[in-house]
Peer 1: 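What follows is a structure written as structure tokens; I'll ask about it next.
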Amino acid sequence: MRRITYRQALREALQEEMERDARVFLMGEDVGIFGGNFKVSQGLIDKFGEERVRDTTLAETVIIGAGVGAAITGMRPVCEIMLADFVGVCFDEIYNKAGKWRYMHGCEVAVPMVIRTPMGCRGGGGAEHSQCPEALFLHGPGLKIALPSTPYDAKGLLKAAIRDDDPVVFFEHKLLYDLEGEVPEEEYIVPLGKAAIRREGQDVTILAYSFMVHKALAAAEALAANGIEAEVVDLRTLVPLDVETVLASARKTRRVVIIHEANKRGGAGAELAAIIQEKLFGVLAAPVIRVCAPDVPIPFSPALEKVYLPDEEKLQQAVRELLAK
Amino acid sequence: MRRITYRQALREALQEEMERDARVFLMGEDVGIFGGNFKVSQGLIDKFGEERVRDTTLAETVIIGAGVGAAITGMRPVCEIMLADFVGVCFDEIYNKAGKWRYMHGCEVAVPMVIRTPMGCRGGGGAEHSQCPEALFLHGPGLKIALPSTPYDAKGLLKAAIRDDDPVVFFEHKLLYDLEGEVPEEEYIVPLGKAAIRREGQDVTILAYSFMVHKALAAAEALAANGIEAEVVDLRTLVPLDVETVLASARKTRRVVIIHEANKRGGAGAELAAIIQEKLFGVLAAPVIRVCAPDVPIPFSPALEKVYLPDEEKLQQAVRELLAK
Amino acid sequence: MLPEKNVLVELYRKMLLDRYLEEAMVELYRQGYIPGSLHLGIGHEALSIGTTVPLRRDDYLVFSHRGVGHSLGKGVPARTILAEFMGRATGCSLGKGGVHLSDFSVGCLGISGSQGGNIVIATGAGLSAKMRGTDQVTAVYFGEGTANRGCFHEGINQAAVWRLPVIFICENDLYSYSTHQSKIMLRENVADHAYGYGIPGVVVDGNDVLAVYEAMQEAIARARAGEGPTLIEGKTYRWRGHHEKDPALYRDPAEVEAWKQKCPIKRFELFLQAERIISPEEQASIQDEVRQEVQEAIDFALNSPFPQPEELYRGVYANPAGILDLI
Amino acid sequence: MLPEKNVLVELYRKMLLDRYLEEAMVELYRQGYIPGSLHLGIGHEALSIGTTVPLRRDDYLVFSHRGVGHSLGKGVPARTILAEFMGRATGCSLGKGGVHLSDFSVGCLGISGSQGGNIVIATGAGLSAKMRGTDQVTAVYFGEGTANRGCFHEGINQAAVWRLPVIFICENDLYSYSTHQSKIMLRENVADHAYGYGIPGVVVDGNDVLAVYEAMQEAIARARAGEGPTLIEGKTYRWRGHHEKDPALYRDPAEVEAWKQKCPIKRFELFLQAERIISPEEQASIQDEVRQEVQEAIDFALNSPFPQPEELYRGVYANPAGILDLI
Ligand SMILES: Cc1ncc(C[n+]2csc(CCOP(=O)(O)OP(=O)(O)O)c2C)c(N)n1
Ligand SMILES: Cc1ncc(C[n+]2csc(CCOP(=O)(O)OP(=O)(O)O)c2C)c(N)n1
Ligand SMILES: [Mg+2]
Ligand SMILES: [Mg+2]
């Protein structure tokens, strides 16, 4: 099968959906001629023109607020927030407007919009340019959350998100844009709410999403060399959450380790651990463990960022300790 | 001992700290002559003047942003956000500025500010005027979170928060303002990070904070009538979290139920459950259970709000089911 | 130019309807039928009606917390408005919204609980109309207090740059909650900000429904012609407290009285009489009709059921596939 | 009125220092010594230096992502700036901030990662100075792109109403990232917004350090006298890409070239020579000194250690009591 990058896969998803549905359009800072900060929308303005690939002002409140306004009046906006850290400046618009407008207003109108935003550390971004804020939206009723880890999923999930009638916060990871992977020429969709088992194993389940899926796979390989077979589940979306797949894997291995790049306290791992311990009490052979960043702002210096980030070594270590229990 | 309301207790805390320290001042919408939406600061402008009790513009970004600016230059602002729902419009200022400014800028400057805000349902507030958003800040490094449940704590925690050199998000519950309770005349402080055991029991631990402490106590009384002795732990602050007290109680009862008014998914209960199951694996006799609101926007109609809210019946029910396991 | 008689009558009728309905709500609130906080627009009628009557049914409206008049002006039935405020299943937002009135069949898109959130949403509705190639106009409302929020700046500027068919309407009633305008801005007019955005800024007497109507018509014409947004500021006053539990002691009773003397409805009545546009009999029969409409709305709302418990869980997502397991 | 010679020399010296240091950073970035994205202010020197030199040591500065010049102008040593950008423990923010330069000993309060977040913080610093009864002034910087954000509106309006000693400085370099000013505003000047706030708005040639200096002095005088804020807009241009990985293909090379011809440093040099304020020898020796200072900064930074791993956990809270168990 042909191989393309995560970035190209995203671009194809945008292009195909824009071709398919005239209501789909892009807006955000520098998404036009410039093609977006990470060049995902590069070239689309040539195909679709300035009307459908819109450079906005530097004003995230209006990027998202106008997205909601357009979505409830018949369009299907795909809004780009240049970095996921900036969700804070349009938080009310995402959390309270996009997420709740439908319910508050008679459950009649749909809010079909996608908020694309790149997250994560990539060396020297510091506390306000490296965050993974997905957990904040987990708490928000009405929102869906997608976090693709491969080019295949990037395309399939983005297409599903654009076609979905609900607001989807779509997190892309900066370190994945250049990742190559198999992506078929034919049209396909990856449905929201279906996890993928990236590697089978019976000794321990590792739950991951986005970039950390790759750390999990690396750790699993290394563990396998020591005879430990880890099952790696890529959640793909946090809302809807594929509880069934998660529990099935956990039931099989009886040991679960969650890895995410975001800091631990109040992170998505907390919700996952809370669900699993509740549903599988008495089944698990060990507590559910979280391997995450510590609860500190992300340091700028790469010397500290390395210490900060969860990675395959920390994950392996945690798995080993868990199995030793 | 004399009895005063939660509101009066808060007001006394403000007044005493303003008398004690000229750097302490209030700002927010209508906090001056009007005394604040819930009348907490009523009368303080007469004592301290317009300079120290400042009516701001209707602009939460500047209320918090200016709070940070004042805090890092020698003042100790107490900022009021009229309703906790509006933290969304100044989220970046709280989460990224107040919480991280110190760390990002050389760990030298302190950010001694308090963000007071009323939360919770009180009948007909609807999706954007009733929320309990504490979990969002749990994920934020650098922030502290206080949620007093009694007049005594309201005063003692607010004084501690004002004296603390870190930013504290201070959640008051709307339904508690009129609650009366014992508050000594003498000066005291309730330190941040010390939970209170409100009722002792050996059959089950109920973790609660803010208004839900009272629901927990009511449920505990009703359960006691059926021979079930619940221990009710009032967390008082979520950051710092008194893990020691929580674990000690859980170790004793071996069963834990968490109650909070906020919706379940990604709520503070998830973090609590995740910690407890990890630390007490093999000790617990049952999974940690959460009794929370469902993951839906808060409905306006009181007929639905009642169904929405966790309460003593739902809590009792959950405890009974847990003990039956 | 004076509008046609039927328009004048409609303006009058709707102002009355707004006033009577809101007066009835004062009572219903006192009696406990309306939960939560109730923010009334009594005194604002010339603005809420004068700006909505000239709109088409397919135009969009994004009003704010005093939205009874705007809803009526745009054609939402009094009874579904009232039922909504009373938390009934028959409410225009199914009782789930309360102050979040909506009626998509007449372009009422809803309200933002955080003041000013509606401004950027309106920019999006305007963008949508423009992109779909319709000539629909969007009108959005906010107080002079709310004009201090950042979304005012972001929403208007983006609409200006994209020349969107959005009309930004500031209902300046001198107070935001307890706070007098003099404490929140140095200039006299919110409309003075239009200068910085390079769009027209218009100040009108917000108690003169004809002046309001005219300013709105001009703004609509500009918007439909693709000439972009207008910022209209109407100077008015709210008669009641910020909400129905606020005795508004921060205002001088003389100030309130003086503004009541400038009642927009009384003023319009005098005009209609002086110009002999409607006869005393016509006026009386309009009043009767409107009173009856309000009474019917009250009966309807009082007799409406509350939502069923299951309604709580319904409608969070348009596509709930895979979601329910988490509730 | 022409400033004293020592001031002129300081302006010149610091503009040069800024330029040389940033030029050195181009190289260091290319060599991989500076991680992350690097946003340089080459071309902006007249603004960054012309507005900071007239400030007192105890005045506050809240600059933005192109803050090298501002830091130098306010007195942060070149070496701690460079060490910070290189993530070293000796950096002015201990290597934890990177672009978040700070030096509280000279009033540099830090930067906001979300553009414009600094504007409301500056309002607070101004409030603090006023409440403490000092006559400290706060200067805050943002680009014309950032002026589109809501905090611009909220911060300036509140400062205006409270008459705070804050100077809002827009460094208009025509582009926000790839986006030309014509796509984000209808008017020619960001300073035109001052009208709506009822404060002075001043447009200066941002490549003329003396004009900048003079405008700043007036604004400082107003601020210290308790007359409130000023909005200053300097028109300038950045020579390099938005950051060092941006080839800035969205700009016409002729446009870039034309602006390079207007180099603020060259222009000031010509002035100083024409007016015989400094001799060619003085100039050469200043250049040498500055070059040496930059070289020393480079040596210092390159020889500085990276932070120890434990530093990661240190300093999140000023009062960490009870916290550590969660890390
Ligand atoms: C972001 C936000 N902050 C505060 C509030 C609470 N609040 C509701 S209305 C209001 C005053 C609004 O004043 P103005 O905009 O002048 O409108 P008016 O009530 O006078 O019609 C306030 C403070 C809110 N709803 N949203
Ligand atoms: C809230 C927010 N949105 C987007 C960004 C990303 N960003 C950083 S600088 C910049 C452009 C700023 O342009 P301008 O304000 O004109 O300043 P200049 O870079 O030209 O000096 C953008 C979009 C950001 N840091 N913060
Ligand atoms: Mg008002
Ligand atoms: Mg610029």
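By convention in this document, chain letters (A, B, ...) are assigned in the order of the sequence lines, proteins followed by strands, and residues within each chain are numbered from 1.
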Peer 1: Between CG of Leu58(B) and OG1 of Thr146(C), what distance do you get to the nearest 0.5 Å?
Peer 2: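 Atom-to-atom, Leu58(B):CG and Thr146(C):OG1 are 5.0 Å apart.
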
Peer 1: Return the minimal non-hydrogen interatomic distance between Ser301(B) and Gly87(C), and the atom names on each side.
Peer 2: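 Heavy atoms of Ser301(B) and Gly87(C) come nearest at OG-O, 2.6 Å.
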
Peer 1: Can you confirm whether more than 12 heavy atoms, excluding those of Glu50(B), are under 6.0 Å from its CD atom?
Peer 2: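 Atom CD in Glu50(B) is not packed in, count stays at 12 or less.
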
Peer 1: When only pairs under 4.5 Å are counted, which of Gly116(C), Gly117(C), Cys151(C), Pro307(C) shares the most heavy-atom pairs with chain B?
Peer 2: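 Winner by heavy-atom pair count: Pro307(C).
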
Peer 1: Under 4.5 Å, heavy atom to heavy atom, which residues of residues 172-188 of chain C contact chain B?
Peer 2: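 Near chain B, by residue number: Ser176(C), Tyr177(C), Ser178(C), Thr179(C), Lys183(C), Ile184(C).
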
Peer 1: Quick check for you: to the nearest 0.5 Å, what is the distance between Ser114(C) atom OG and Met82(B) atom CE?
Peer 2: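 Rounded to the nearest 0.5 Å, the OG-CE separation comes to 13.0 Å.
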
Peer 1: Heavy atoms only: give me the nearest Val307(B)-Tyr313(C) pair and the separation to one decimal.
Peer 2: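 So the two residues come closest at CG1-OH, 4.3 Å.
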
Peer 1: Please report the interatomic distance CG(Asp55(B)) to OH(Tyr250(C)), rounded to the nearest 0.5 Å.
Peer 2: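 Those atoms lie 11.5 Å apart.
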
Peer 1: At a 4.5 Å cut-off on heavy atoms, which part of Asn263(B) comes close to chain C: side chain, backbone, both, or neither?
Peer 2: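 Neither; nothing under 4.5 Å.
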
Peer 1: For Phe104(C), does the CZ atom sit with more than 12 other heavy atoms under 6.0 Å from it, leaving out its own atoms?
Peer 2: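 More than 12 within 6.0 Å, yes.
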
Peer 1: Within residues 236-249 of chain C, which residues come under 4.5 Å of chain B, heavy atom to heavy atom?
Peer 2: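 The residues closer than 4.5 Å to chain B, in numerical order, are His243(C), Asp246(C).
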
Peer 1: What is the minimum heavy-atom distance between Arg122(B) and Ser37(C), and which atoms define it?
Peer 2: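 Heavy atoms only, the tightest pair is NH2-OG, 3.9 Å.
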
Peer 1: Could you grab the distance from atom NZ of Lys96(C) to atom CD of Glu305(B), nearest 0.5 Å is fine?
Peer 2: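 CD of Glu305(B) is found 14.0 Å from NZ of Lys96(C).
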
Peer 1: Using heavy-atom distances under 4.5 Å, tell me whether Tyr308(B) contacts chain C through its side chain, its backbone, both, or neither.
Peer 2: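 Backbone plus side chain of Tyr308(B), per the 4.5 Å heavy-atom cut-off to chain C.
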
Peer 1: What part of Thr56(B) gets closer than 4.5 Å to chain C, counting heavy atoms only: side chain, backbone, both or neither?
Peer 2: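 When you check distances to chain C, only backbone atoms of Thr56(B) fall under 4.5 Å.
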
Peer 1: Taking the side chain as C-beta and beyond, is there a heavy-atom pair between Pro297(B) and Val316(C) under 4.5 Å?
Peer 2: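 Of all side-chain heavy-atom pairs linking Val316(C) with Pro297(B), at least one is under 4.5 Å.
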
Peer 1: If I compare all heavy atoms of Leu312(C) with all of Leu304(B), which pair ends up nearest, and what's the gap?
Peer 2: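 Closest pair (atom of Leu312(C), atom of Leu304(B), distance): N-CD2, 3.8 Å.
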
Peer 1: Give me the atom names and distance for the closest heavy-atom approach of Pro35(C) to Phe300(B).
Peer 2: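 So the minimum-distance heavy-atom pair works out to CG-CZ, 3.6 Å.
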
Peer 1: I need the contact set between residues 25-35 of chain B and chain C: heavy-atom distance under 4.5 Å, sorted by residue number.
Peer 2: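 Only Asp30(B), Phe34(B) of residues 25-35 of chain B have a heavy atom under 4.5 Å from chain C.
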
Peer 1: Say you draw a straight line from CD of Glu128(B) to NE2 of His100(C); how long is it, rounded to the nearest 0.5 Å?
Peer 2: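 The CD atom of Glu128(B) sits 5.0 Å away from the NE2 atom of His100(C).
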
Peer 1: Given a strict heavy-atom distance threshold of 4.5 Å, which part of Phe85(C) is in contact with chain B: side chain, backbone, both, or neither?
Peer 2: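 The backbone, not the side chain.
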
Peer 1: Taking only heavy atoms into account, what residues of residues 131-140 of chain B are found under 4.5 Å from chain C?
Peer 2: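 Not one residue of residues 131-140 of chain B has a heavy atom under 4.5 Å from chain C.
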
